[in-house]
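Okay, structure first, notes after.
These numbers come from the heavy atoms of this one structure, side chains and all, not from hydrogens, waters or symmetry mates.
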Amino acid sequence: MRTIGLIGGMSWESSAEYYRILNEETRARLGGHHCARSVMVTVDFAEIEAMQRAGDWAAAGRLLADAAARLERAGADLVLLCTNTMHQVAPAIEAAITVPFVHLVDATAERVKAAGLTTVALLGTRFTMEMDFYRDRMRGHGIDLVIPDEPARTRVHDVIYDELTRGRVEPASREFYRETIRSLAARGAQGVILGCTEITLLIAQPDSPIPIFDSTRIHATQALTLALS
């Protein structure tokens, strides 16, 4: 098995999910006492969040590129960025390493295409829902995105930053996300991407009338498949 490098800490709650999924899947595939070979660099989410608010994506890119380079020096054979939003700076990370970078949006798009869907809803941070990096990459795979209208879009974002990234999972927020998904399905969404790695803590398939694509699990399992190939 090749060694998987993880850039984590955005937030650590979702990074822990990556670690859990990688090791549960390794045991399921290989049996016995097997676990995933991995190394992780955890950044300080407070620094990243401040850069996001300031719109200083260049600084964030430099910070995460440095984290990726450290993973490669530590023996990583492939690198994952354990967050959707910060794939905005994926080109800076890819330029800093010589090992493969497993792009979360590509992995998710491949799963959506395999399901035969062409229009899906996207739930995530305001940056992920509104900026072009996610939408354009999905369009490159032939997939169109539908996002919530305001004020629902603001609340989707606020639940992530005010609750999920702080370890809070609130029943009222789960019901709000359920209602939002139903609304997006009524607008033509054939499925819904959980486009923030923390949303997996709140929403699962029983909460949705349309297929859910959990970007955290999709990304982690794709990386494991590559590591085992």
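Closest of all the heavy-atom pairs between T26 and A36 is OG1-CB, 3.5 Å. Residue A107 comes nearest to I218 through the heavy atom pair O-CG2, 3.5 Å, listed as atom of the first residue, atom of the second, then distance. Annotation for S11 and E13: closest pair OG-OE1, 3.0 Å, computed over non-hydrogen atoms. Residues A92 and A65 approach most closely at O-CB, 3.6 Å, considering heavy atoms. Counting all heavy atoms, side chain and backbone alike, V156 lies closest to G124 at CG1-O, 3.4 Å. When every heavy atom of G9 is checked against every heavy atom of S15, the shortest pair comes out as N-OG, 2.8 Å.
A 4.5 Å side-chain heavy-atom check between M1 and H34 finds every atom pair outside the cut-off. Between I48 and F45 the shortest side-chain heavy-atom distance falls below 4.5 Å. Using a 4.5 Å heavy-atom threshold, the side chains of V146 and L122 count as separate. The shortest side-chain heavy-atom distance between L123 and I160 does not fall under the 4.5 Å cut-off. Put simply, the side chain of Y134 reaches to within 4.5 Å of the side chain of L104, judged on heavy atoms. Two residues are said to be in side-chain contact when any heavy atoms from C-beta on lie closer than 4.5 Å; V41 and I7 fail this criterion.
Listed by chain and residue number, D149 satisfy the salt bridge (charged side-chain N to carboxylate O under 4.0 Å, His left out) test with R187 (two or more places apart in sequence, or in another chain). Scanning for salt bridge (charged side-chain N to carboxylate O under 4.0 Å, His left out) contacts around E179 gives an empty result, with sequence neighbours left out. Applying the ring pair (Phe, Tyr, Trp, His ring centres under 6.0 Å) criterion to F127, with sequence neighbours excluded, gives W57, H157. With sequence neighbours excluded, no residue satisfies salt bridge (charged side-chain N to carboxylate O under 4.0 Å, His left out) with R155. In this structure, S208 has no side chain to side chain donor-acceptor pair (under 3.5 Å) partners at least two apart in sequence or on a different chain. For T85, the side chain to side chain donor-acceptor pair (under 3.5 Å) partners are T125, T128, not counting sequence neighbours. For R20, the side chain to side chain donor-acceptor pair (under 3.5 Å) partners at least two apart in sequence or on another chain are E17, E24. For D56, the side chain to side chain donor-acceptor pair (under 3.5 Å) criterion is met by no residue, not counting sequence neighbours.
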For a side chain to side chain contact (heavy atoms under 4.5 Å, CB included) check, start with the C-alpha distance between H103 and H219, then their side-chain angles and the critical distance, and finish with the verdict.
CA-CA 8 Å; H103 201 292; H219 196 204; over 6 Å; no
Run L64 and L81 through side chain to side chain contact (heavy atoms under 4.5 Å, CB included) and show every step you take.
CA-CA 9 Å; L64 296 180; L81 177 60; 4.0 Å; yes
Stepwise, does the side chain to side chain contact (heavy atoms under 4.5 Å, CB included) test hold for L145 with I193?
CA-CA 9 Å; L145 297 178; I193 296 171; 4.2 Å; yes
When you look at T119 and D144, which way does the side-chain hydrogen bond (donor to acceptor under 3.5 Å, both in side chains) test go after all the steps?
CA-CA 5 Å; T119 302; D144 290 323; 4.6 Å; no
Show, in sequence, the C-alpha distance, side-chain angles and deciding distance for T108 and M138, and conclude whether the side chain to side chain contact (heavy atoms under 4.5 Å, CB included) test is met.
CA-CA 9 Å; T108 305; M138 279 286 172; 4.0 Å; yes
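The CZ atom of R27 lies 11.5 Å from the CG atom of L30; values are rounded to the nearest 0.5 Å. Atom CD1 of I203 sits about 5.0 Å away from atom CD1 of I181, to the nearest 0.5 Å. Within the model, atoms CZ of R174 and CD of E170 stand 9.5 Å from one another, a figure rounded to the nearest 0.5 Å. One distance of note links SG of C82 with CG of L6; it measures 4.5 Å at 0.5 Å rounding. Distance CZ/R2 to CG/L224: 11.0 Å, rounded to 0.5 Å. A distance of 13.0 Å separates CG of L184 from CD of Q190, quoted to the nearest 0.5 Å.
Between the S38 side chain and the G5 main chain, no donor and acceptor come within less than 3.5 Å of each other. Looking only at distances, no side-chain donor or acceptor of S173 sits under 3.5 Å from a matching main-chain atom of V169. In this structure, the side chain of N23 does not engage the main chain of C35 through any donor-acceptor pair within 3.5 Å. Using a distance-only test at 3.5 Å, with no hydrogens or angles considered, no donor-acceptor pair links the side chain of H141 to the main chain of I143. A distance-only check finds no donor-acceptor pair linking the side chain of T200 to the backbone of T197 [under 3.5 Å].
Here E49 pairs with R53 in a salt bridge; the nearest charged N to carboxylate O distance falls below 4.0 Å. For R62 and E47, the salt-bridge test fails: no basic side-chain N is under 4.0 Å from an acidic carboxylate O.
Pairs of residues two or more places apart, or lying in two chains, never qualify as salt bridge (charged side-chain N to carboxylate O under 4.0 Å, His left out) while including a residue from residues 33-44. Within the structure, the salt bridge (charged side-chain N to carboxylate O under 4.0 Å, His left out) test picks out the following pairs touching residues 101-122 (sequence neighbours left out): D106-R137. Screening residues 68-84 for salt bridge (charged side-chain N to carboxylate O under 4.0 Å, His left out) gives D66-R70 as the qualifying pairs, with residues at least two apart or on separate chains. For residues 121-130, every residue pair satisfying the salt bridge (charged side-chain N to carboxylate O under 4.0 Å, His left out) rule, not counting sequence neighbours, is listed here: R126-E130, R126-E150, E130-R153.
Placement of V99 and V89 within a single hydrophobic cluster is found when ILVMFWY residues are connected by side-chain heavy-atom separations under 4.5 Å, directly or transitively. The hydrophobic cluster containing V159 does not contain W12, counting ILVMFWY residues as joined when their side-chain heavy atoms lie under 4.5 angstrom apart, directly or transitively. Linking Ile, Leu, Val, Met, Phe, Trp and Tyr residues whenever their side-chain heavy atoms come within less than 4.5 Å leaves L228 and I21 in two separate clusters. Grouping the Ile, Leu, Val, Met, Phe, Trp and Tyr side chains by contacts below 4.5 angstrom, directly or via other members, places L80 apart from Y19. Linking Ile, Leu, Val, Met, Phe, Trp and Tyr whenever their side-chain heavy atoms come within less than 4.5 Å puts I93 and M40 in one cluster.
When only modelled atom types and interatomic distance are considered, Y161 and E198 share no side-chain donor-acceptor pair under 3.5 Å.
Heavy-atom neighbours of F213 CZ from other residues, nucleotides or ligands within 6.0 Å: above the threshold of 12.
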